[in-house]
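To start, the structure under review is shown below, and the notes come after it.
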Amino acid sequence: MYWGLSLVKDQKGKQRVSTGISPSGPIHLGNLREILTGDIIYKSLVLSEKDASFIYLCDDIDPLRKVYPFLPESYSAHVGKPLRDIPAPAGDLAYSEYFLAPFLKSIETLDVKPEVIRTGQLYAEGKFGEIIDLMIKRKEEIQNILQNISGRELEKRWFPYNPKCSKCGRINSAIPYEYSDGFVYYKCACGYEGKSDIYKDQGKLPWRLEWPAKWKILGVTIEPFGKDHGTQGGSYDTGKAISEIILNYPAPLPQMFERILLKGKGAMHSSTGVNIPATEILDFAPPEIVRYMMARVPPSRHIEFDPEAGFLNLMDEFERMIRLGSENKLDEDQRVLLRISATEKSMDDLPDYRHLTTLVQIYSKDEQIKNVLQRSGKRYSDEILALRIKQARFWVDHYAPESSKFMVSGETAPVSLNELEKKVICNFLENIDSMEGWNADLIHEAAREAIGRSSLTPSEGFVALYKAIIGKERGPRIGFFLESMERNKVKRRLSFICGVQNE
RNA sequence: GGGCCCAUAGCUCAGCUAGGUAGAGCAUCUGGCUUUUAACCAGAGGGUCAGGGGUUCGAAUCCCCUUGGGCCCGCCA
């Protein structure tokens with residue numbers, strides 16, 4: 001059974017899948033796994049005909065933890081303040097919204113459409129109030145749970161609520177010393193003394209308490225999370241205990257997921273530069289393939305993403321699957337996988353990606369590529385075609401390995417050909433000289449004829465031609481390829497090889 | 001110190017919570033076709049299922065140990 005279906009099959013009643021993130025910087029492919037795993041689970045619930053909803057929490061009240069490498073040093077003044085209170089590196093938005101906006105755009109492209117909830121807003125609306133009150137009142141009990149399960153020693157003055165200093169704006173430096181009637185009294189490191197209303201966004205719960213609180217407030221029943229939360233004694237373990245003992249709410253069904261590694265580089269991490277921003281993935285990868293990449297393996301396995309040759313193979317694999325799907329040749333699991341990988345857009349008749357990576361290297365204009373594709377009788381919508389061409393070009397420019405790229409050799413570039421191969425080139429040159437026009441069919445016919453007059457097999461003959469023109473043994477179909485080049489340029493190159501003087 | 005994941009063909013992986021004669025795609029090789037596509041069709045070679053032990057009539061599959069690789073926690077989220 002498909003892993004998503006297997007995960008949800010025993011879930012009873014109303015289901016709510018939750019995912020989220022602190023929008024503390026640009027979101028990369030690795031982060032995308034969380035929300036896509038959530039979406040796959042959500043869609044698995046829908047396929048299982050269960051009553052399901054899907055939410056995405058933007059933890060915009062989390063403090064800025066440090067000056068990240070991508071930030072100017074001036075941000076040191078903002079460390080400790082909620083992300084929603086900090087100005088963005090550019091523009092007028094808040095810091096959190098600045099990083100959230102492109103991410104939301106990306107996931108929409110990926111056909112992920114959760115209800116987006118800002119945690120700061122939940123605090124502002126007082127949604128956490130009752131639970132904060134309860135947690136403060138049962139502080140000792142919670143403290144014991146945390147200490148027993150996580151094994152860590154909590155400080156004597158530990159308090160289950162972090163007030164935000166109304167003077168300096170930091171949420172990590174105010175020390176509470178008293179609680180009464182919904183107000184937490186604190187003294188901040190900046191010297192200010194004040195109080196926070198727990199029914200407003202004047203402070204927050206620490207993570208290990210906030211997580212179970214969210215489960216109860218939002219009615220979460222399933223939640224995927226990274227292995228960092230899932231370790232023994234980690235925040236899921238303590239969250240589960242707090243949820244069940246203190247809040248009397250069953251902990252959601254957990255689904256841990258492994259990380260995404262960049263082939264040859266290791267784990268993706270925003271700070272090390274080993275990552276591909278989520279937005280950039282979509283510059284070259286159709287959204288279906290990104291979904292497919294996450295959906296095809298169970299979350300417990302790490303994914304080694306190879307944006308170079310491996311990506312093209314993945315595209316092939318997926319396109320093959322679509323083809324088999326339309327021929328009704330897939331087994332049940334594969335059908336589910338395909339269904340879950342699909343976006344709302346139709347996947348019928350998509351131009352072959354690998355083919356496009358060749359075409360974009362031959363032709364510079366979309367119009368020419370469109371003509372070539374139409375010659376084969378296929379029609380694609382301009383919008384889809386333009387997008388795919390753009391993606392293929394991006395891939396060729398940024399990720400294509402040498403074996404997938406070609407460059408036309410200089411007119412006098414050295415090339416090693418044996419006598420038989422040279423003969424093919426010279427025959428071909430003669431044919432070109434006497435050709436009536438310059439189009440793909442004629443060129444192709446001329447090439448076949450030239451090879452026919454030699455003692456080489458057709459495939460050997462084509463190797464000779466490719467070696468002469470691009471210095472490699474294989475290449476794009478010769479007719480269309482040469483048609484896109486200037487006739488005289490081709491002639492000069494072939495003449496050089498044959499040693500024929502040009503007039 | 002603790003925890004999780006992984007190891008199956010040259011490469012990427014499936015098969016593992018129904019234990020029953022090792023699979024797919026790509027790559028390679030052979031043959032065919034000889035050109036809308038670096039295409040397509042047919043076939044072939046290629047694996048002590050990391051190693052060892054156990055359970056079993058029977059183990060890639062379940063259990064234990066070992067080795068190797070990766071990651072996470074022991075700050076904060």
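Below, chains carry the letters A, B, ... as their sequence lines are ordered, and counting in each starts from 1.
When rounded to the nearest whole Å, the span between CD1 of A:Ile149 and P of B:C73 equals 19 Å. The CG atom of A:Asn148 sits 20 Å away from the P atom of B:G2 (whole-angstrom rounding). Between the OH atom of A:Tyr292 and the P atom of B:G25 there is a distance of 13 Å, rounded to whole Å. Taking atom CZ of A:Phe257 as the reference point, atom P of B:C4 lies 18 Å away to the nearest angstrom. Between A:His229 atom NE2 and B:A77 atom P the separation is 10 Å, expressed in whole Å. The distance from atom CZ of A:Arg448 to atom C1' of B:C33 is 11 Å, rounded to the nearest whole Å. Atom OH of A:Tyr236 is separated from atom P of B:C4 by 16 Å (rounded to the nearest Å). The separation between A:Glu449 atom CD and B:U34 atom P is 17 Å, rounded to whole Å.
Across the P atoms, B:G68 and B:C16 are found 29 Å apart, a figure rounded to whole Å. The P atoms of B:G47 and B:A9 are separated by 10 Å, rounded to the nearest whole Å. Spacing of P atoms, B:A39 relative to B:A60, comes out at 37 Å, to the nearest Å. For the C1' atoms, the distance linking B:C5 with B:C41 amounts to 41 Å, nearest Å. Comparing the same atom, C1', in B:G70 and in B:U28 gives a spacing of 30 Å after rounding to whole Å. A distance of about 15 Å separates the P atoms of B:G45 and B:G25, rounded to the whole Å. For the C1' atoms, the distance linking B:G46 with B:C11 amounts to 13 Å, nearest Å. B:U12 and B:C75 have their C1' atoms separated by 38 Å, given to the nearest Å.
Pair assignment for B:G68 gives B:C6, based on Watson-Crick or G-U wobble hydrogen-bonding distances that are each under 3.5 Å. Base-pair partner of B:C40: B:G32 (Watson-Crick or G-U wobble, both distances under 3.5 Å). Pairing of B:G1, defined by two Watson-Crick or G-U wobble distances under 3.5 Å, is identified with B:C73.
Along RNA chain B, the nucleotide nearest A:Gly230 and the nucleotide nearest A:Gly234 are compared for position; the residue whose nucleotide lies closer to the 5' end is A:Gly230. Projected onto RNA chain B by closest heavy-atom contact, A:Ile478 and A:Ser300 fall at different nucleotides, the more 5' of which corresponds to A:Ser300.
In summary, A:Lys164 and A:Asp201 do not engage in a salt bridge, as defined by a charged side-chain N under 4.0 Å from a carboxylate O. Between A:Asp366 and A:Lys390, no side-chain nitrogen of the basic residue sits less than 4.0 Å from a carboxylate oxygen of the acidic one, so the salt-bridge criterion is not met.
When distances are taken from the side chain of A:Lys204 to each of B:U34, B:A77, B:G3, the shortest belongs to B:A77. Nearest to the side chain of A:Glu258, among B:C76, B:C71, B:C72, sits B:C71. Side-chain proximity of A:Thr358 to B:A38, B:G3, B:A77: nearest is B:A38. When distances run from any side-chain atom of A:Arg259 to the nucleotides B:A38, B:A77, B:C72, the shortest one goes to B:C72. Comparing B:C4, B:C26, B:A77 by their nearest atom to the side chain of A:Asn313 picks out B:C26. Residue A:Lys227 has its side chain nearest to B:C71 when only B:C71, B:G2, B:A77 are considered.
Checking A:Thr357 against A:Trp395 by side-chain atom types alone, no donor-acceptor pair falls below 3.5 Å. A donor atom on one side chain and an acceptor atom on the other are not found under 3.5 Å apart for A:Ser22 and A:Asp59. Using a 3.5 Å distance cut-off with no hydrogens or angles, the side chains of A:Tyr161 and A:Glu210 do not pair a donor with an acceptor. Between the side chains of A:Ser341 and A:Arg291, no donor-acceptor pair of N or O atoms lies under 3.5 Å. With no hydrogens or angles considered, a side-chain donor-acceptor pair links A:Glu317 and A:Tyr292 at under 3.5 Å. A donor and an acceptor atom, one from each side chain of A:Arg453 and A:Asn431, are located under 3.5 Å apart.
Every residue meeting the side chain to side chain contact (heavy atoms under 4.5 Å, CB included) condition with A:Glu445, not counting sequence neighbours, appears here in chain and number order: A:Arg448.
Not a single donor-acceptor contact under 3.5 angstrom links the side-chain atoms of A:Ser22 to the base of B:A77. Contact of A:Ser150 with B:G74 (side chain to base): no donor-acceptor pair of N or O atoms is detected under 3.5 Å.
A:Asp62 comes within 4.0 angstrom of the backbone, heavy atoms only, and of no base. When heavy atoms are screened at a 4.0 angstrom cut-off, A:Phe406 is found touching base atoms of the nucleic acid. Here A:Pro63 lies out of heavy-atom contact (under 4.0 Å) with every strand. Using a 4.0 Å heavy-atom cutoff across all strands shown, A:Arg152 reaches sugar-phosphate atoms only and no base atom.
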Which parts of nucleotides 11-17 of chain B does protein reach within less than 4.0 Å, heavy atoms only, written one letter per nucleotide 5' to 3' as B for base, S for sugar-phosphate only and - for none? -S-S-B-
Going through the distances and angles, do A:Phe284 and A:Phe311 end up as a ring-ring contact (aromatic ring centres under 6.0 Å, His included)? CA-CA 10 Å; A:Phe284 68 92; A:Phe311 174 72; 5.1 Å; yes
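B:A14 adopts an anti glycosidic conformation, its chi angle falling more than 90° from 0.
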